[in-house]
Amino acid sequence: MNVARLKVGDKAPNFTTKDIRNHKVTPFQANKWTFISFHRFAACPFCVLRTNELIRRYDEFGENDIDIISIWPSSAEKMLKVGEHVSTPFPLVSDEKKVLFEKFGVTESSKSSMLKLFLHPKLVWEANKLSKTLKDEEPELDHALLPAEFLVNPKGEIVFAHYAEHYGDHVSVDKLLSFRKEVPTLEYA
C-alpha cells in the first residue's frame, strides 16, 4: 500500500513508541524541533554511514534544539547485533511492520535508484568498505525501500521533507542545520 508522500506544511503524523533499548520515544516536544530519519535495514552500509555521521554531529543538533529519531524496519535484536547501533545518543526505533514508514509515506522507490547511486562512487566505496565490518548474516532486504528524512518544527509541522533517490541519498547535516537556523525558536514558544 503506497501512502501519499508528506510535504512541507503538512502536519507530521504523531506517534509514541519505544526504542531498541525499551525507552519511550515521543516526538514533537515543546520548543524542540525533531529530525526523523528513516533507514533501509540494520546492516545497510549506507544507513550505518549516515547514523555514524549523526552520532559525530549530534552536539550540533542539540545546540540547535533538534531531537533526532532514527527509524528502522529491522528488529531490535538485529539492530543490536550489527553493533554499530549500540551506543547512539539518540533513540533508534524498530518498526518491523513499517507502520511509521507508511504514516510518513516512505513506501516506494524509483526504478532508477541503483543507477543514481553509481553517480556517487566515493559513497559506494565508503559503504563497501564499511559493509565488510557489519555483523548481520541475514540482511532483511526490501529493495523497494529508500531512506527518507523530515525536519519538524515544535508545532508538529513539516518544514523539510526529503525522499531519497538512491540508497545513500541523505540531506547534508549542514543544510539541515542552516535550514533550522532560518526560523528562530521564539516564533514557536
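Between P147 and Y163 there is no side-chain heavy-atom pair separated by less than 4.5 Å. With a 4.5 Å cut-off on side-chain heavy atoms, H170 and E149 count as touching. Contact annotation: the side chain of I68 never approaches that of W33 to less than 4.5 Å [non-hydrogen atoms, C-beta and beyond].
Residues satisfying the side chain to side chain donor-acceptor pair (under 3.5 Å) test with E53, not counting sequence neighbours, are R50. With sequence neighbours excluded, the residues that form a side chain to side chain donor-acceptor pair (under 3.5 Å) with D174 are R57. Judged as a salt bridge (Lys or Arg N to Asp or Glu O under 4.0 Å), and not counting sequence neighbours, the contacts of D10 are K7. Legend: residues meeting ring-ring contact (aromatic ring centres under 6.0 Å, His included) with F28, ordered by chain and number and at least two apart, are absent. Partners of F90 according to the ring-ring contact (aromatic ring centres under 6.0 Å, His included) rule, which considers only residues two or more places apart in sequence or in another chain, do not exist here. For K175, the side chain to side chain contact (heavy atoms under 4.5 Å, CB included) test picks out F160, V171, S172, with sequence neighbours left out. Contacts of K97 classified as side chain to side chain contact (heavy atoms under 4.5 Å, CB included), with partners at least two apart in sequence or in another chain: V99. Partners of E63 by side chain to side chain contact (heavy atoms under 4.5 Å, CB included), not counting sequence neighbours, listed by chain and number: D59, E60. By the salt bridge (Lys or Arg N to Asp or Glu O under 4.0 Å) test, D67 pairs with K32, sequence neighbours left out. Applying the side chain to side chain contact (heavy atoms under 4.5 Å, CB included) criterion to P27, with sequence neighbours excluded, gives N14, F15, T34, I69.
Not one N or O on the side chain of R40 forms a donor-acceptor pair closer than 3.5 Å with the backbone of L146. Of the possible donor and acceptor atoms, one in the side chain of D95 sits under 3.5 Å from a partner among the backbone N and O of L100.
Test T17, I36, L92, V106 against I71 for side chain to side chain contact (heavy atoms under 4.5 Å, CB included) and you get one pass: I36.
Sorted by first then second residue, the ring-ring contact (aromatic ring centres under 6.0 Å, His included) pairs that include residues 48-69, not counting sequence neighbours, are F35-F61.
Taking all atoms of both residues into account, the shortest heavy-atom contact from P13 to K103 is CG-O, 3.3 Å.
Using a 30° and 60° split on the angle between ring planes, F150 and F38 fall in the perpendicular class, above 60°.
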